[in-house]
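Shown next, in structure tokens, is the structure this report addresses.
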Amino acid sequence: MQKKGLELMVGLFVLAGLLALAALALRIGNLGGVSVSDGYTVTARFDNIGGLKVRSPVKLGGVLIGRVTDIGLDEDDFRALVTMRLAREYNQLPADSSVAVNTAGLLGEQYLNMEPGGDDEVLKDGDEITITQSALVLEDLIGKFMFNKADEEADK
Amino acid sequence: MQAVRQLGAGVLNMLQGLGRSSLFLFNTLARTPPLLLRFKLVNQQIYSIGVLTFFIIALASFFVGMVLALQGINTLQRFGAEESVGLLVALSLVRELGPVVTALLFAGRAGTALTAEIGLMKSTEQLTAIEMMAIDPVARIVAPRLLGGFISMPILAMAFSVIGVAGGYLVAVGLMGVDAGAFWSQMQAGTEFGTDILSGIIKSIVFGFVVTWIAVFQGYDCVPTPEGVSRATNRTVVYSSLAVLMLDFIITALTLNSL
Amino acid sequence: MPQTDDNLIDVRDLQFGYGERPILSSVNVQIKRGNVVSIMGPSGCGKTTLMRLISGQVRPQQGSVTVDGLSVPELSGGELLNLRKRMGVLLQSGALLTDLNVYENVAFPLREHTRLSEELIRKIVLLKLQAVGLRGARHLMPSDLSGGMARRVALARAVVLDPVLVLYDEPFSGLDPIGKGIAAKLIREMNDALGLTSVLISHDVAETCEISDYIYLLGDGTVMGHGTPEELMASQEPLVQQFMNALPDGPVPFHYPARPYIEDLLGVAV
Ligand SMILES: Nc1ncnc2c1ncn2[C@@H]1O[C@H](COP(=O)(O)OP(=O)(O)OP(=O)(O)O)[C@@H](O)[C@H]1O
Ligand SMILES: [Mg+2]
């Protein structure tokens, strides 16, 4: 009888561990959000992806629809080749949608922002998104700004 | 001259201890697989190591979570970002405080108990008696305890994080009026399972292993007298706390770099 | 003295010391199968140490220890375990497992080494506990036992696997005179009924002489005398005389080796 009690307590203990794991995964973390594991893959080419990373979010209208799964370099034209996986539930995106590297806030994390197009065709697994916009690189902007200023000064 | 000699002796002693404890660990690990057939022995240890530590962990984590929320809101208010308190509480707990504080409490509660128990068995000749009954004390006494500690610690650490978040929720939402929806959504958006949570779990597994190892070794290696046992118990707390904090730094550095 | 194969234990020219300090030197002990053989000697002379050598807890620096034809110091871990399964040992401190009750303590070796049914284990354990008079105490924890009771439980545990050889380190200490008599008889009866060989370490001359077939007297790190109880009782050797008749004065030093007391008292520099 005593042994039964002990086994029961150990069982409860292990159960508590499993529940904690589930809570960590689903409630505290975001594993339960979009599940991209059974989604579809599309690619896009950028001149500059800035600080984009593998696992960076892909959003449409602020809603998380997928994640970056791979970042490489196209050997032919030397542009960044980004592979992303989009959730199965968002499989009605127009084929002529565009995608841009955006920054959350002024100095925040970088993510891919998708703008839907108007095409009747939809994006399918393996498609490439052709209309892309590169990351704004703060240093370049500042550089340009200074350059313009200098030009203005010179014109005077 | 005297100092140099003492330093040398100290270093030699330390190396010797490291060697002895490693050999001891290998010996114990080699005797672990047969335990899977006699899991009752391990069950018993999970009970006395894990279940009996659970209540301390639950209580401590609840308060830690509440304090985190209070402090967090206090600071975040200045930037008008109280909603992020959920994220702050969750990340601190999951990545650092959960595994580390649990490991420290675990060393104090379960580790010392293990050392004292094995040390007493040694000093009262129970280990010799077991050996004389043709039973290997490492296999029968030490291995189930090592395995029990190894299994218990991650469970305790995960419980710590979850209960701590609950404590933080109580303070932030219940007491300070933070919006519940914002509390959860900020937390979920910022806490990654693959990196934050998993790295916390990996930490707790490593800590559990190391603390239990130190505890059983100190017990088995102690001078078999009451004084020797009390010293060994002392060493368990000191060594495991230091080991946990050092390993925490190393693992954090490794996981952050690999991102 | 017989030196053929009917010796279960054969210790020859044994020399041993903990660290630098020699404890035993040129010890020769032969123990015949089926006998109850006692080892007596003043406190601290190395009786427990001799038992440790026989059970393979420590290795001799010189000489040989043979048990049942096996050279104990040369056995591997597994072989030693096998030998110990046929050997029951009662340690001087009893050393019951403190987290198990009396019943479970006696059942412990059975549970570890056999796959007997619960019913059979119960039968064997109760039989052994009955023999030491503690069947009624089977639910007590070791902390609730008196020293003498704990020793009797340890005695029951030492013989629960029906060993070939039993080593008893001071089985009578902590027992009242009645208990001593009963324990002595028990050891003798078990020895004869089960065909064991028993090695007995004891200080109690009367009980020991009554049940022993042969006695070794240790002193000064070596064997000072041996023989049947009658031979020893009749011996004219001063040391044997002193021990067997419990005379306070004689060749056995009561003191641990030290410089003269007067020097210590006067504080003479070392
Ligand atoms: N582990 C040890 N390390 C160092 N010295 C020891 C150790 N065990 C015993 N000794 C020493 O060895 C000597 C013999 O000890 P042993 O225990 O064999 O004596 P004994 O004959 O059993 O005495 P008693 O009748 O009092 O039990 C003692 O002088 C003791 O100081
Ligand atoms: Mg002794």
Side-chain angles (χ1 to χ4, degrees), chain B residues 23-24 26-31 34-35 37-49 51-52 110 113-145 148 216 219-220 222-226 228-229, chain C residues 48 51-52 54-58 72 75-100 104-115 142-143 147 150-151 153-170:
Chain B
L23 282 178
F24 175 75
F26 293 140
N27 269 332
T28 311
L29 289 180
R31 289 163 174 76
L35 277 178
L37 297 176
R38 290 186 70 186
F39 212 75
K40 249 188 223 155
L41 290 179
V42 184
N43 252 344
Q44 215 159 3
Q45 295 310 319
I46 296 180
Y47 179 77
S48 55
I49 296 171
V51 176
L52 295 183
L114 281 177
T115 307
E117 192 188 10
I118 297 180
L120 271 176
M121 291 185 89
K122 182 174 179 184
S123 68
T124 54
E125 288 198 295
Q126 292 182 52
L127 293 185
T128 314
I130 288 176
E131 222 178 311
M132 286 300 109
M133 290 183 252
I135 299 158
D136 179 356
V138 173
R140 179 61 173 70
I141 302 293
V142 178
R145 284 167 174 76
V216 291
Y220 200 80
C222 77
V223 180
T225 60
V229 175
Chain C
T48 300
M51 201 173 95
R52 288 203 184 122
I54 293 172
S55 56
Q57 291 173 64
V58 290
V72 176
L75 293 182
S76 71
E79 290 167 334
L80 195 57
L81 283 187
N82 271 334
L83 178 62
R84 282 180 185 160
K85 275 186 205 165
R86 295 185 286 140
M87 205 188 262
V89 178
L90 174 73
L91 295 175
Q92 192 165 359
S93 63
L96 296 179
L97 304 179
T98 39
D99 56 340
L100 301 178
E104 287 300 326
N105 255 291
V106 180
F108 189 80
L110 290 172
R111 293 200 197 287
E112 292 293 321
H113 288 308
T114 68
R115 297 182 157 277
S143 53
R151 186 152 291 276
V153 176
L155 202 104
R157 187 180 64 182
V159 296
V160 75
L161 279 179
D162 291 333
V164 189
L165 166 68
V166 193
L167 307 174
Y168 302 94
D169 196 349
E170 308 203 2

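Below, read A as the first sequence line, B as the second, and so on, with proteins coming before strands; counting in each chain starts at 1.
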**Request:** Check whether Leu97(C) gets within reach of chain B through its side chain, its backbone, both or neither, counting any heavy atom under 4.5 Å.
**Result:** both
**Closest approach of Ile135(B) to Leu81(C) (non-hydrogen atoms, all atoms of both residues)** = N-CD2, 4.2 Å
Distance-only donor-acceptor pairs under 3.5 Å across chain B and chain C:
unit_1	atom_1	unit_2	atom_2	d
Arg38(B)	NH1	Glu112(C)	OE1	3.1
Arg38(B)	NH2	Glu112(C)	OE2	3.1
Glu125(B)	OE1	Ser93(C)	OG	2.6
Gln126(B)	OE1	Thr98(C)	N	3.1
Gln126(B)	NE2	Thr98(C)	OG1	3.1
Met133(B)	O	His113(C)	NE2	2.6
Ala134(B)	O	His113(C)	NE2	3.4
Arg140(B)	NE	Glu112(C)	OE2	2.5
Arg140(B)	NH2	Glu112(C)	OE2	3.4

**Fill in**
Given Val160(C), Leu167(C), Leu91(C), Leu161(C), the one with more heavy-atom pairs under 4.5 angstrom with chain B than any other is Leu91(C)
**Heavy-atom contact with chain B under 4.5 Å, split by part of Leu96(C)** = backbone
**Request:** Would you mind checking which part of Leu120(B) comes under 4.5 Å of any heavy atom in chain C, side chain (CB onward), backbone (N, CA, C, O), both or neither?
**Result:** neither
